[in-house]
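Below is one structure, written out as structure tokens; comments come after it.
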Amino acid sequence: MLKYFSESILLTIVGFCFAYFWAEHIQPGSGLSSLFIVFVLSALEISLSFDNAVVNAMKLEHMTDKWRHRFLTWGIAIAVFGMRFLFPILIVAVFANLSMLSVAKMALNDANQYAHYLHLTHAPIVAFGGAFLMMLFLHYFLNHKKEIHWLKWIEEKLAHAAHIDGIETIITLFIIYLTQTQVAQEQRLSVVLSGIFGIILYLLIDGISKFLEKKEEQRKANLIGSAARTGGLVAFLYLELIDASFSLDGVLGAFALSKDVIIISIGLAIGAIFVRSLTIMLVEKNTLKQFLYLEHGAHWAIGVLSIIMFFTTFHEVPEVVTGLIGLIFIIAALISSIIHNRKLNT
């Protein structure tokens, strides 16, 4: 275990130290309370992202060691600085019609105003993430070639429905339509456009991935090298987009605990780093092959998270509830896998 989590533990110590001194610099005497907030945020991020780790592991199994390493190095930098700090700033800048520089200054110097703008953009942000994750969830289960089912009574029906071309897009568009009927009039267009953009982005990345996989399967000497290199890049971008979708809800919910964007970024970053380490452990220990239904549980958790994200466009849902539901699916799938393995060995 130490092999996989040693770097995460070291970065956690560095993060805690920085958070303490930053809090003391901003408001003397607030260091210990800020450390507690960082701990809670990192724990919530980890609990919300167990399913993310499983999905990441599925993709990493087919990536080269070079791209696995980049996922841990470049990927962490993108996850920590890009998705937990820059991405929310970009979203606020777009929807509030402000420059990124002015929003960044606002995040560092006027946390209450930044939180206010982030709250105003909450609905379109989670609509984008919800649509992307819903497509991911449906794409996994709406597969008529899928032979292994965990919750057979529903998964078999979903697999059969896959004979209808584009069914996952139709379902996601219908959910977006239902969602926009519940939000305020002035937010309806932005929710619809954000949701559609989430669908388009998923289809684009998925389409490129399939195209490159076909290129690699051709086994032509003049194509295989470039296809493999580009395929690794596309898979890497795909994982980062999944991570971004998972992080949206956490970033928005974090402001209920703190208005300091630096403290929030450190807490979420520590959680993200541990999830990366967990992903590598799952891959190297062949955990997904040992536990047959773990992928299923992760994708059901993703489906529920997607629905919750759509629901939060018009009604607040506590982060703890979201994390617990995902964790329940993962644990249930793990137990089912263990029972299945025991039956095979008897």
Side-chain angles (χ1 to χ4, degrees), residues 51-52 54-63 127-181 191-219 227 231 234-235 237-239 241-242 245-246 288-289 291-311 325-326 329-330 332-333 336-337 340 344:
D51 40 4
N52 189 9
V54 175
V55 174
N56 286 347
M58 290 171 56
K59 204 71 178 177
L60 281 175
E61 283 183 342
H62 305 289
M63 292 171 69
F128 165 80
F132 189 91
L133 292 180
M134 179 55 65
M135 290 293 291
L136 177 63
F137 162 74
L138 293 173
H139 183 78
Y140 181 78
F141 288 109
L142 292 172
N143 179 5
H144 60 85
K145 295 180 181 179
K146 198 169 181 296
E147 297 178 352
I148 299 173
H149 303 292
W150 176 37
L151 305 177
K152 291 186 178 181
W153 57 278
I154 187 170
E155 289 184 16
E156 288 179 348
K157 291 182 175 62
L158 288 172
H160 184 70
H163 287 92
I164 304 174
D165 289 339
I167 184 65
E168 61 265 35
T169 305
I170 294 170
I171 292 173
T172 307
L173 284 171
F174 182 67
I175 293 173
I176 294 170
Y177 168 75
L178 292 178
T179 301
Q180 65 86 28
T181 62
V191 165
V192 170
L193 292 177
S194 296
I196 291 174
F197 183 64
I199 293 174
I200 292 172
L201 201 56
Y202 178 84
L203 291 174
L204 179 64
I205 295 294
D206 184 61
I208 294 173
S209 297
K210 288 180 178 178
F211 172 76
L212 293 172
E213 284 173 8
K214 288 181 181 179
K215 286 289 184 182
E216 291 181 58
E217 288 172 1
Q218 290 177 359
R219 300 293 182 183
V234 171
L237 294 174
Y238 181 77
L239 289 176
L241 281 170
I242 292 175
S245 299
F246 272 96
L288 298 185
K289 293 178 181 178
F291 301 102
L292 189 64
Y293 302 124
L294 203 54
E295 291 180 15
H296 298 70
H299 281 85
W300 278 113
I302 288 170
V304 172
L305 174 60
S306 172
I307 294 296
I308 290 175
M309 291 179 79
F310 279 118
F311 188 73
I325 292 175
F329 272 107
I330 295 293
S336 297
S337 300
H340 173 78
L344 290 179

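The figures here come from the full heavy-atom set of this structure, side chains too, leaving out hydrogens, waters and symmetry mates. Positions are given from 1 along the sequence. This one's a predicted model, so the numbers in the text were calculated from it and none came from an experiment.
Results of the side chain to side chain contact (heavy atoms under 4.5 Å, CB included) test with Met134 over Thr172, Ile176, Leu305 single out Thr172 as the only residue that passes.
Across all non-hydrogen atoms, the minimal contact from Ala162 to Ile167 is CA-CG2, 4.4 Å. Minimum heavy-atom separation, Ile170 to Asp165: CD1-O, 4.4 Å. The two atoms that bring Gly297 and Ala333 nearest to each other are CA-CB, 3.7 Å, heavy atoms only. Nearest heavy-atom pair, Ala131 versus Gly195, reported as atom, atom and distance to 0.1 Å: CB-O, 3.2 Å. In this structure, Leu201 and Phe132 approach most closely via the heavy-atom pair C-CE1, 4.3 Å.
Rounding to the nearest 0.5 angstrom, the gap separating the CG atom in Leu203 from the OG1 atom in Thr169 is 4.5 Å. Interatomic distance, CG of Leu292 versus NE2 of His149, reported as 11.5 Å (0.5 Å rounding). Put simply, CG on Leu158 and CG on Leu151 are 10.0 Å apart, with the number rounded to the nearest 0.5 Å. Atom-to-atom distance recorded for Leu133:CG and Phe128:CZ is 9.0 Å, nearest 0.5 angstrom. Met135 contributes atom CE, which lies 10.0 Å from atom CD1 of Ile171 (distance to the nearest 0.5 angstrom). Ile148 CD1 to Glu155 CD: the interatomic distance, rounded to the nearest 0.5 Å, is 10.5 Å.
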* To do: Decide yes or no on side-chain contact (heavy atoms from CB on, under 4.5 Å) for Thr179 and Val192, but give the supporting numbers first.
  => CA-CA 9 Å; Thr179 301; Val192 170; over 6 Å; no
* Taking it one step at a time, do Tyr177 and Thr181 satisfy side-chain contact (heavy atoms from CB on, under 4.5 Å)? -> CA-CA 7 Å; Tyr177 168 75; Thr181 62; 4.2 Å; yes
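The side-chain hydrogen bond (donor to acceptor under 3.5 Å, both in side chains) pairs that include a residue from residues 136-147 are Tyr140-Glu295, Lys146-His296, where partners are two or more places apart or lie in different chains.
The aromatic rings of Tyr293 and Trp150 lie parallel to each other, their planes meeting at an angle below 30°, with 60° marking the opposite boundary. Taking the six-membered ring for Trp and thresholds of 30 and 60 degrees, Trp300 and Phe141 have ring planes inclined between 30 and 60 degrees apart.
Under the ring pair (Phe, Tyr, Trp, His ring centres under 6.0 Å) criterion, Phe310 pairs with no residue at all, not counting sequence neighbours.
Counting heavy atoms from C-beta outward, Phe329 and Ile325 have side chains that approach closer than 4.5 Å.
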